[in-house]
Amino acid sequence: MRPTISIIIPVYNVQDYLTSCIESIIKQDYKDYEAIFINDGSTDDSLEILKQYVKTDKRFKLISQKNSGLSSARNTGINQAEGKYITFIDSDDWISKNYVGALVYNAEKYDADIVSIKECLVYSNGKKVYKKQDFKILKGKAADMLFGFYDTNFAWGKLIKTSIIKDNNIYFPVGKNYEDIGTMYKIYDKAHCSVRLSNENYFYRSRESSITATRSIKDVKDKISFIKEMRKYSSLRKKYNYWDLYLLVKGFGAISDVYKVPNITKKQRDVLVKEIKVAVKTCKIHLRDFRAADGIDRALLMKINLAALILRIKHKG
C-alpha cells in the first residue's frame, strides 16, 4: 500500500547531527509515511548510521550515490517517492513530533497543493529564534504566497503534492547552489491552493559551515542565472500580483551576496553588480506591493538604484 507522504532526506557528511534528525522522524505522531534517505557519497560515518536505522523500520529506504550535490540527491528522492505528498528535510535539521501530521491534515482539509510550516532557527549556542506568523491561505493565485513573501522559497518545511512535481517534470538544477530559488517558483506556479501554517514545527540548524552561511563568486553567478531565467517568464508577470517585487528582492539578495564574498576584487564586484542591475531593470514597483510586509524596502532600493551603495557602506567594501 502506498504511503500518504514521502519524506526525502539528502545526507552528506552530517554524522554529528543525523541521529537527531532520524529520531525526530521516528517519533512522528503521523505514521503513514516513507522516509527516503539519499546518501550523497558521505565520507564520514553518516552511511553507517543510516544502515543501522534502516534495519529497524520498514518505512525507511536507503539509496547511496556518488557525491553529486543537494539537487541531485533531492531529484533521486523525487524519482523514488511513492507518496501522494512530498516533504524535504535537511539532514542536519529536525522536526517536531506533529510536523508531518499537521502538514497532511491541512493538505487534506483545504485540498492544498502546498502547505508550509514556519521554521525555528537554532544557533550553535542553543539560542532559538522564531518569528511568529498567522495562518494564511491563497487559492487561484496561490503563487502570490511566495512572490508576496508570505512564504519562503526554501524547499524544506513544506508539503508539496507529488503530482505537481512529477506531472510538470520539475526538478532541482544539478550543479547549482541556492537551487531552491531556481525551483520553488515553478512549483508554486503550478499550485492551485497554498496554505501557510502558524506552527513552529521545523527546526533549522544554523551552521557556519553550511552552504547558506558562506558566499562565493559561484554563489552569486548561480543566483544571477536564476534571476535571468525567471525574467523570461513574462506570463508570470501578467498572472501574479507580486512577480516584479519578487525579482527585485532576489536582485537585492544577489547584490548583498556580492559584498559577502571574501577577497573579491573591485572589478569583479562591479561587473557582478552591473549584471544584476541589468537583470531586474525592467521590473516595476506597484502600489499593491506595499501590502507585502517583507521585501518592499529591498525592492525600492533596487528600483531607485541605491542597493549597491547602501550595501557597500554596510560592508565597508
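Atom set for the values below is all heavy atoms of this structure, side chains included, hydrogens, waters and symmetry mates excluded. Positions are given from 1 along the sequence. Because the structure is predicted, anything quoted here is derived from the model rather than measured.
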| Short N-O contact, D222 and K218, less than 4.0 angstrom | yes

| Taking the side chain as C-beta and beyond, is there a heavy-atom pair between E200 and K118 under 4.5 Å? | no

| field | Check: P10 main-chain N/O paired with S91 side-chain donor or acceptor under 3.5 Å | value | yes

| Just wondering, more than 12 heavy atoms not from K190 lying within 6.0 Å of its NZ? | no

| field | SB check K274 D270 (cutoff 4.0 Å) | value | no

| Does the side-chain hydrogen bond (donor to acceptor under 3.5 Å, both in side chains) test come out yes or no for S24 and Y99, once each step is laid out? | CA-CA 9 Å; S24 72; Y99 171 82; over 6 Å; no

| request: Hey, could you give me the OH/CG distance between Y240 and L146, rounded to the nearest 0.5 Å? | output: 10.0 Å

| Euclidean distance, I296 CD1 relative to Y242 OH, rounded to 0.5 Å | 9.5 Å

| Over all atoms of both residues, closest heavy-atom pair of K141 and N241 | NZ-OD1, 3.7 Å

| said: For E179 and R74: C-alpha separation, side-chain torsions, deciding distance, then whether side chain to side chain contact (heavy atoms under 4.5 Å, CB included) applies. | reply: CA-CA 11 Å; E179 60 287 320; R74 283 179 176 169; 3.8 Å; yes

| message | If the threshold is 4.0 Å, N to carboxylate O, is there a salt bridge linking D92 and R205? | response | no

| Smallest separation among heavy atoms of D244 and H286, with atom names | OD2-NE2, 4.1 Å

| said: Looking at every non-hydrogen atom in both residues, tell me the closest pair between K51 and L62 and how far apart they are. | reply: CG-CD2, 3.9 Å

| said: For the CG atom of D113 and the NZ atom of K161, what is their distance to the nearest 0.5 Å? | reply: 4.5 Å

| task | Answer yes if V14 and Y123 sit in the same cluster of Ile, Leu, Val, Met, Phe, Trp and Tyr residues linked by side chain heavy atoms under 4.5 Å apart, and no otherwise. | result | yes

| Worked verdict on D45 versus L18 for side chain to side chain contact (heavy atoms under 4.5 Å, CB included) | CA-CA 10 Å; D45 287 334; L18 185 55; over 6 Å; no

| task | Please say whether more than 12 non-hydrogen atoms of neighbouring residues, nucleotides or ligands are located less than 6.0 Å from NZ in K97. | result | no

| remark: Partner of M302 under side chain to side chain contact (heavy atoms under 4.5 Å, CB included), picked from V249, L247, I276, is I276

| message | For the residue pair K176 / S225, report whether a side-chain donor-acceptor contact shorter than 3.5 Å exists. | response | yes

| request: Under the side chain to side chain donor-acceptor pair (under 3.5 Å) rule, collect the residues that match up with S116, sequence neighbours excluded. | output: D151

| query | Minimum heavy-atom separation for N199 to N201, with atom names? | reply | CB-OD1, 3.2 Å

| message | Under a plain distance cut-off of 3.5 Å, with no hydrogens placed, do T43 and Y12 share a side-chain donor-acceptor pair? | response | no

| request: Determine, stepwise, if the pair E119 / K158 fulfils salt bridge (Lys or Arg N to Asp or Glu O under 4.0 Å). | output: CA-CA 10 Å; E119 78 279 2; K158 292 176 175 64; over 6 Å; no

| request: To the nearest 0.5 Å, tell me how far L272 CG sits from D257 CG. | output: 10.5 Å

| With a 4.5 Å limit on heavy-atom distance, are the side chains of H315 and K260 in contact? | yes

| request: Write down the atom of Q15, the atom of S46, and the distance for their closest heavy-atom approach. | output: N-OG, 3.3 Å

| query | What's the spacing between R215 CZ and I264 CD1 if we round to 0.5 Å? | reply | 13.0 Å

| task | Answer with yes or no whether the hydrophobic clustering places F226 together with V278; edges join I, L, V, M, F, W, Y residues whose side-chain heavy atoms lie under 4.5 Å apart. | result | no

Show me the donor-acceptor pairs within less than 3.5 Å that the side chains of residues 33-41 make with the rest of the protein, sequence neighbours left out.
from, atom 1, to, atom 2, distance (Å)
Y33, OH, I25, O, 3.0
Y33, OH, R59, NH2, 3.1
E34, OE1, K61, NZ, 2.7
E34, OE2, S6, OG, 2.5
E34, OE2, E82, N, 2.8
N39, OD1, S42, N, 3.3
N39, OD1, S42, OG, 2.8
N39, ND2, S64, OG, 3.3
D40, OD1, Q65, NE2, 2.9
D40, OD1, S68, N, 2.9
D40, OD2, N67, ND2, 2.9
D40, OD2, S68, N, 3.3
D40, OD2, G69, N, 2.8

| field | Residue pair Y185, F147: steps toward the ring-ring contact (aromatic ring centres under 6.0 Å, His included) verdict | value | CA-CA 8 Å; Y185 76 93; F147 302 148; 7.2 Å; no

| Going through the distances and angles, do C193 and I137 end up as a side chain to side chain contact (heavy atoms under 4.5 Å, CB included)? | CA-CA 7 Å; C193 176; I137 181 171; 3.9 Å; yes

| query | Take atom CG in N125; do more than 12 heavy atoms of anything else shown fall under 6.0 Å from it? | reply | yes

| request: Applying side chain to side chain donor-acceptor pair (under 3.5 Å), name anything that partners T265, two or more places apart in sequence or on another chain. | output: Q268

| request: Please check if the distance between the ring centroids of F88 and W156 is under 6.0 Å. | output: no

| Does one hydrophobic cluster hold both I95 and Y130, with members joined at side-chain heavy-atom distances below 4.5 Å? | no

| Can a donor-acceptor pair be found between the side chains of K221 and S216 at a distance below 3.5 Å? | no

| request: List the atom of T162, the atom of I86, and the distance in Å for their closest heavy-atom pair. | output: OG1-CG1, 3.5 Å

| query | Would you say the side-chain atoms of T4 and Y30 include a donor-acceptor pair closer than 3.5 Å? | reply | yes

| query | Could you give the distance from CD1 (I89) to CD1 (I9), rounded to the nearest 0.5 Å? | reply | 5.5 Å

| request: Start with the C-alpha gap between N177 and L70, add the side-chain angles, then the distance that decides, and say whether side chain to side chain contact (heavy atoms under 4.5 Å, CB included) holds. | output: CA-CA 9 Å; N177 293 338; L70 179 58; over 6 Å; no

| field | Hydrophobic cluster membership, L306 vs L300, 4.5 Å side-chain cutoff | value | yes

| Donor on one side chain, acceptor on other, Y188 and N153, under 3.5 Å | no

| said: Distance alone, cut at 3.5 Å: any donor-acceptor contact between the side chains of Y85 and E108? | reply: yes

| message | Would a single hydrophobic cluster contain both Y202 and V129, if residues Ile, Leu, Val, Met, Phe, Trp and Tyr are joined by side-chain heavy-atom contacts under 4.5 Å? | response | yes

| said: Taking K139 first and then D111, would you say they form a salt bridge - that is, a charged N and a carboxylate O separated by under 4.0 Å? | reply: no

| query | Is it the case that D93 and Y17 place a side-chain donor and acceptor less than 3.5 Å from each other? | reply | no

| query | Is the count of non-hydrogen atoms from other residues, nucleotides or ligands lying under 6.0 Å from K127 atom NZ greater than 12? | reply | no

| Under 6.0 Å from the six-membered ring centre of Y150 and within 45° of its axis: does the NZ or CZ of K136 meet both? | yes

